[in-house]
Amino acid sequence: MTDLHRLSIRELAEGLSQAKFSSRELTEHYLQRIAKIDSQVKSYVTVTPEQALRDADAADAALKAGNATALTGIPLAHKDIFCTKGIKTTAGSKILDNFISPYDATVVEKTKAAGLVTLGKVNMDEFAMGSTSESSYVGATSNPWALDHVPGGSSGGSAAAVAADLAPFATGTDTGGSIRQPASFCGLTGLKPTYGRVSRFGIIAYASSLDQAGPMARSAEDCAYLMNVIAGHDAKDSTSVKKEVDDYVANLSNTSVKGLRIGIPKQYFNVVGLDADVKARVEESLKKLEEMGATLVEIDLNMTEAYVPTYYLIAPAEASSNLSRYDGVRYGHRCENPADLMDLYKRSRSEGFGPEVQRRILIGTYALSAGYYDAYYVKAQKVRRLIQQDFLKAFENVDVIAAPSAPTTAYKIGANLSPTEMYLGDIYTLAVNLAGLPAINAPVGFDKDSLPVGLQLIGNYWSESQLLSIVHQYQQNTDWHTKRAAIAEENA
Ligand code: GLN
């Protein structure tokens, strides 16, 4: 079979359970595609063929013995920020170049327990700081829709791998948009769950009060399958929430688009830098939802201007603290011949961290230092609360809120935006993390250069089922999520 990579997760599960193909055949198929095509996309940092085939054989045995789960034998890729026992985990940083974790992240453990087969680890911005995946120490990943463009970031490897059909789905993390923006740039569906829904244990920390893992795939249905595996309370993550997990797949048709009230924030559609094509495609998708029975309601989100400055204080502050553990002593990169302890710290960190990570450590350390703490960090925390309240007020009147996921489509590789230009590109995604809300990106068409455009739907707390269900129904009535980049059409 040459077209296994065209099948949805549901079709893969059916095919495996009906023994139309084996997990070994499916896994070999993906490994062959990676070997042939990934030299152009560069989505994988590490491919693990031996382990994948061993896991595939175990999955085939479980399928034969009748003790398989719904997803046993289906391959996936993990962002290189999830710790994987025995397999290198770099977080895109030279400082973790040779780091092999002694344990699995809870998300990885759960995917293994579900019988999923790990193909390998995919590229990302260094420590998940960025919007292009170019800051990775192994180099840039290409956008499958236009190889001279970025796939977005920081989960750019996850997005590129799925969009090039080099994995049926993938895990990502989202601290300020890193699932939704690359999903948008690569024409995929990606869900950032409510803070606390998915365990952060074993995920290399960037900004702990904002970090959250989620699925990236072609459709809402495919995302729902992965959510069913990774969601849930975990005693090893103190901010993970003890709350019953929905059956996201069973709930896919449960939310009625008819009568759904979709909030359209006035402030969002007048943002300077919002690309005309992005605006047009997003408005067309909202029209479609209106035709399907939704009501569009204009709303106010008055704190919009505060999103970027607030996030770019809180996230670096937390990062400066989280990244202090990389000191050349316990693990990771160590400089040659240190003169003394101070020299060891200084040179190991200067050599190991790239420029964007260093910039954020400096900003964060400054914001947290005595004398500036109240003026910057404490103030940002207060504004963060106001941003959250702004959303809660909006949700008194609407069910979900619509926005673009990003003001533009994918940038060119090497476009070399200034830090402020780059940060402003996160305007639509940051507030969701600051408030801890769930949000989803769905592909809704293309710009004049044939690059994908994404619609973002933001939900109230714990509304993952609702978001997946709305997008699922939109996808039953449209075919944007079925479009494939030329490179995905290539056969291995
Ligand atoms: N682009 C944002 C940043 O650079 C978000 C990153 C993320 O969600 N990990 O911080």
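We count ligands from 1, going down the list as the structure has it; atoms in each ligand are counted the same way. Quick caveat, the model's predicted, so the values are computed rather than measured.
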Is [X] in polar range of ligand 1, meaning some N or O pair under 3.5 Å apart?
X      : value
Gly130 : yes
Gly176 : yes
Leu430 : no

Worksheet item: Does the ring center of Tyr307 lie less than 6.0 Å from the ring center of Tyr428?
Response: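 Centroid separation for Tyr307 and Tyr428: 6.0 Å or greater.
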Looking only at protein heavy atoms, which one is nearest to [atom], and how far off is it?
atom                   : result
atom 2 (C) of ligand 1 : Asp426 OD2, 3.2 Å
atom 3 (C) of ligand 1 : Tyr312 OH, 3.2 Å
atom 6 (C) of ligand 1 : Ser178 OG, 2.9 Å

Can you list the atoms of ligand 1 that are under 4.0 Å from a heavy atom of [X]?
X      : result
Tyr206 : 9 (N), 10 (O)
Ala128 : 6 (C), 7 (C), 9 (N)
Ser154 : 9 (N)

Worksheet item: Please, which pairs that meet side-chain hydrogen bond (donor to acceptor under 3.5 Å, both in side chains) have at least one residue in residues 148-173, sequence neighbours excluded?
Response: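 For residues 148-173: His78-Thr171, Lys79-Ser154, Lys79-Ser155, Lys79-Thr173, Ser154-Ser178, Asp165-Arg218, Asp165-Arg484.
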Item to complete: Answer whether the closest heavy-atom distance between the side chains of Trp462 and Asp246 falls below 4.5 Å.
Response: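 A side-chain contact is absent here, since even the closest heavy-atom pair is not under 4.5 Å.
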Worksheet item: Is Pro182 close to Pro151 at the side-chain level, that is, under 4.5 Å between some pair of heavy atoms?
Response: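 A side-chain contact under 4.5 Å is absent here.
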Practice prompt. May I ask you to say whether Lys112 pairs ionically with Glu109, meaning some side-chain N is under 4.0 Å from a carboxylate O?
Written response: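 Salt bridge absent between Lys112 and Glu109.
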Worksheet item: What residues form a ring pair (Phe, Tyr, Trp, His ring centres under 6.0 Å) with Tyr345, not counting sequence neighbours?
Response: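 Not a single residue meets the ring pair (Phe, Tyr, Trp, His ring centres under 6.0 Å) criterion with Tyr345.
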Worksheet entry | Test side-chain hydrogen bond (donor to acceptor under 3.5 Å, both in side chains) applied to Tyr474 and Ser285, step by step | CA-CA 9 Å; Tyr474 174 81; Ser285 71; 4.9 Å; no
Discussion item. By the definition side chain to side chain contact (heavy atoms under 4.5 Å, CB included), identify the one residue from Asp211, Asp80, Leu96 that meets it with Ile204.
Written reply: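 Result: among Asp211, Asp80, Leu96, Leu96 is the only option passing the side chain to side chain contact (heavy atoms under 4.5 Å, CB included) with Ile204.
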Worksheet item: Given Tyr311, Tyr423, Phe127, which one has a non-hydrogen atom that is nearest to atom 10 (O) of ligand 1?
Response: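 Of the listed residues, Tyr311 has the closest heavy atom.
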Worksheet item: Are any of the heavy atoms in Arg360 under 4.0 Å away from ligand 1?
Response: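 Judged by the 4.0 Å heavy-atom criterion, Arg360 does count as contacting ligand 1.
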Discussion item. I'd like to know whether ligand 1 has Ala315 as a neighbour, heavy-atom separation below 4.0 Å.
Written reply: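 Ala315: no contact with ligand 1 (<4.0 Å).
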